[in-house]
Amino acid sequence: MNRALTLLTTAAISALPTFAMAAGVDATDIKKQATNFPAIIMFVIFVGITLGITYWAARQTKSAASFYTAGGGITGFQNGLAIAGDYMSAASFLGITGLVYGSGYDGLIFSVGWLVGWPIVTFLVAEQLRNLGKFTFADVASFRFAQTPIRTLAACGSLVTVAFYLIAQMVGAGKLIQILFGLPYLWAVMIVGVLMIVYVTFGGMTATTWVQIIKACLLLGGATFMALMVMISFGFSPEKLFKAAVDIHPKHVAIMGPGSLISDPVSAISLGMALMFGTAGLPHILMRFFTVKDAKAARKSVFYATGFIGYFYILTFIMGFGAIALIAGNTPTPATNPFMDQSLIAAGKDVIAGIRGGSNMAVMHLANAVGGEYFLGFIAAIAFATILAVVSGLALAGASAISHDLYASVFRRGRVNEVDEMRVSKMASVGLGILAVGLGVVFENQNVAYMVGLAFAVAASCNFPVLLMSVFWKGMTTRGAFIGGFLGLISAVGLVVTGPTVWVKILGNAAALQPYDNVAIFSMPIAFIGIWLFSVLDGSARAQEDKDGFEAQYIRCQTGIGAQGAASH
Amino acid sequence: MSTDIAKKVRANPKFAELVRKRNSLALTLTITMLVIYYGFILLVGYAKSFLATPIGTNLMTYGVPIGVGVIVSAFVLTGIYVLRANAEFDTLTAQIVEETK
């Protein structure tokens, strides 16, 4: 066990700022690690299996429909797992358990925010998407409008969301793999980039889906095992677990209630809005609804996904408390605790701040404590697989926005054959992969924690309002959607840039131009009001055409009449 | 879709019924979810001490079942929608499609 520990990490990862969990690991000083062979063997097995699937998928991926949507033959249950695999990132797994480890109850508050978007997706978005769209959410958003402006807007919204999410994932991946596997940062980022390109370019949606399904099963299985082992240690008594955790944690009983995570309700509500409505505007998630055969399967898949993701977040709470009890409380005194960085303990840090590798590594130590070295290797491999599944989904969504929306619909005005469009898709996947590696390198030593928050804010302030209003409001016009959507996009990015994190901490200015890091509470209304105002003021001939198109769209949206059977388009 | 089909669907009273039922359910459930979640956030913002109050003599606080309850409610609300949609809306939709042919 000790060997695994020394292998695992001697690094010091700085504790993340409260809301920064989203982006995963923010490491400031990671020393070179010894190579972790059990983890690498497990990971190689995973890669072998997924490459086999990719080979199989590649032979079926002949048409655009199979590339973008796996031919529409994914079942509701499979898609539910894939959505869960697409959404549960390494950041949730390590970050939320780390947050519970550091401050207890606050971790639960955070995970609730990540879940509550899913019912909204079910009620307002999933079936509508399936009935109206084909490959991307822009198909739906632009259904009755002038193609060029709305596709351009939707592609910009998608690409900005994907880019920020991808950078955060790549940097997090690099740091994490450095710690878990002892690989150099550049290698780690390149391995992720290359595998992502291979999965997406050759296997398209089919391979991406199966990578996500396998990862979801592994992650749920691994987390279930750990939570179960924790509960067994405490005789399945939550009270005993809480007692052990409260006794050892320096904050003691304070970990049983809300702490410092939410000090300012405006920020809290704003973050909640971004998480809730941003989920319903993430292009890589929305794209998953085109992989099933009809609206019924679409709604079922969100139901399963909500169940899996909710279950997973409850497990993170148990694992986090388990880590406090079993890792921080591993020995009577910190000085003999093998999970502590003894130089930090000697410097007077407590058992929470003194954990090796920082609080994000709490769940990894827990894996070691409850399952031994090989289980630790297994969990490390799952963390890697998790990253791959998420970045592959992102790359596919980004590539689709480029090929299907920008190239086929805007640049070629719809006059394009499938072969050309797929070629562009594949080129875009390769390009995005190279770009992701490049950005991963550029941002290696930057704080990227705010980027996932920004991705959600953009999704909530641009993609979601345009999508929702196009489906439900007859009065929206091309001009209103275009201006309102861009106002939302620009205001979300602009406000985040001028807020305390980016303006002061990253750009080094003396004072922030505005006090909020969580901006959806402002940028979402800007988008909705913009869409409404510029639609009602729009007296153009196009506006009339847009409104006239609503009736046919509405009937198809409600009944599915005219919706393409996913398998046959 | 031809205007013919659109008119036929529109004239079918079942279409109005489907739209009314589905929209009202979706809206009710959306509002319920918003109230539950933002209610929880407001509790976190303004009633921290309530959430941190132990239940009886336990260490377990009110906050734990409430937080887990929000997670479970998301799943349950989604389930309610899916069950009703599977049972009721799909039947109506199938009838409309059939009668439009």
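Side chains are part of it too, since the values below use all heavy atoms of this structure and drop only hydrogens, waters and symmetry mates.
When heavy atoms are compared at a cutoff of 4.5 Å, A:Phe277 approaches chain B solely by way of its side chain, counted from C-beta outward. At a 4.5 Å heavy-atom cutoff, B:Phe50 makes no contact with chain A through either its backbone or its side chain. Using a 4.5 Å cut-off between heavy atoms, A:Val116 touches chain B through backbone and side chain atoms alike. Interface residue B:Leu42: only side-chain heavy atoms are found under 4.5 Å from chain A. Interface remark: B:Thr100 contributes side-chain atoms only to the contact with chain A (heavy atom separation under 4.5 Å). For A:Ile269, the parts lying under 4.5 angstrom from a heavy atom of chain B are both the backbone and the side chain.
Side chain of A:Tyr313 to main chain of B:Ile71: no donor-acceptor pair is present (N/O by atom type, distance under 3.5 Å, no hydrogens or angles). In terms of modelled atom types and a separation under 3.5 Å, the side chain of A:Glu239 and the main chain of B:Asn58 share no donor-acceptor contact.
Summarising the local packing, NZ of B:Lys48 is surrounded by more than 12 heavy atoms from other residues, nucleotides or ligands at distances under 6.0 Å.
Counting heavy-atom pairs under 4.5 Å between each of B:Leu29, B:Thr61, B:Val76 and chain A puts B:Leu29 at the top. When A:Phe317, A:Tyr554, A:Phe472 are compared by the number of non-hydrogen pairs under 4.5 Å with chain B, A:Tyr554 comes out ahead. Counting heavy-atom pairs closer than 4.5 Å to chain A, the top residue among B:Ala74, B:Ala52, B:Gly79, B:Gly45 is B:Ala74.
With values rounded to the nearest 0.5 angstrom, A:Phe123 atom CZ is found 7.5 Å from B:Leu25 atom CG. To the nearest 0.5 Å, atom CE of residue A:Met273 and atom CG of residue B:Leu34 are 9.5 Å apart. If you take CE on A:Met256 and OH on B:Tyr62, they are separated by 13.0 Å, rounding to the nearest 0.5 Å. Atom CZ of residue B:Phe75 and atom CZ of residue A:Phe303 lie 3.5 Å apart, to the nearest 0.5 angstrom. The CD1 atom of A:Ile109 sits 7.5 Å away from the CG atom of B:Leu51 when rounded to the nearest 0.5 Å. The OG1 atom of B:Thr93 lies 8.5 Å from the CD atom of A:Gln558; values are rounded to the nearest 0.5 Å.
In terms of heavy-atom proximity, B:Ile41 sits nearest to A:Ala268 at CG2-CB, 3.8 Å. The shortest heavy-atom contact between A:Pro258 and B:Val44 is CB-CG1, 4.2 Å. The minimum heavy-atom distance between B:Met33 and A:Pro119, with the atom names listed, is SD-CG, 3.6 Å. Between A:Leu108 and B:Val68, the shortest heavy-atom distance links the atoms CD2-N, 4.1 Å. Between B:Asp90 and A:Lys296, the shortest heavy-atom contact is OD2-CD, 3.1 Å. When all heavy atoms of B:Ala85 and A:Glu127 are compared, the pair lying nearest together is CB-OE2, 4.5 Å.
Contact check for B:Tyr37 versus A:Val112: side-chain heavy atoms found under the 4.5 Å cut-off.
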**Item:** CA sep, side-chain torsions, deciding dist, call: A:Met276, B:Tyr38, side-chain contact (heavy atoms from CB on, under 4.5 Å)
**Value:** CA-CA 11 Å; A:Met276 190 177 218; B:Tyr38 292 103; 3.6 Å; yes
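For residues 10-19 of chain B, the interface with chain A (any heavy-atom pair closer than 4.5 Å) comprises B:Arg10, B:Phe15, B:Leu18, B:Val19, sorted by residue number.
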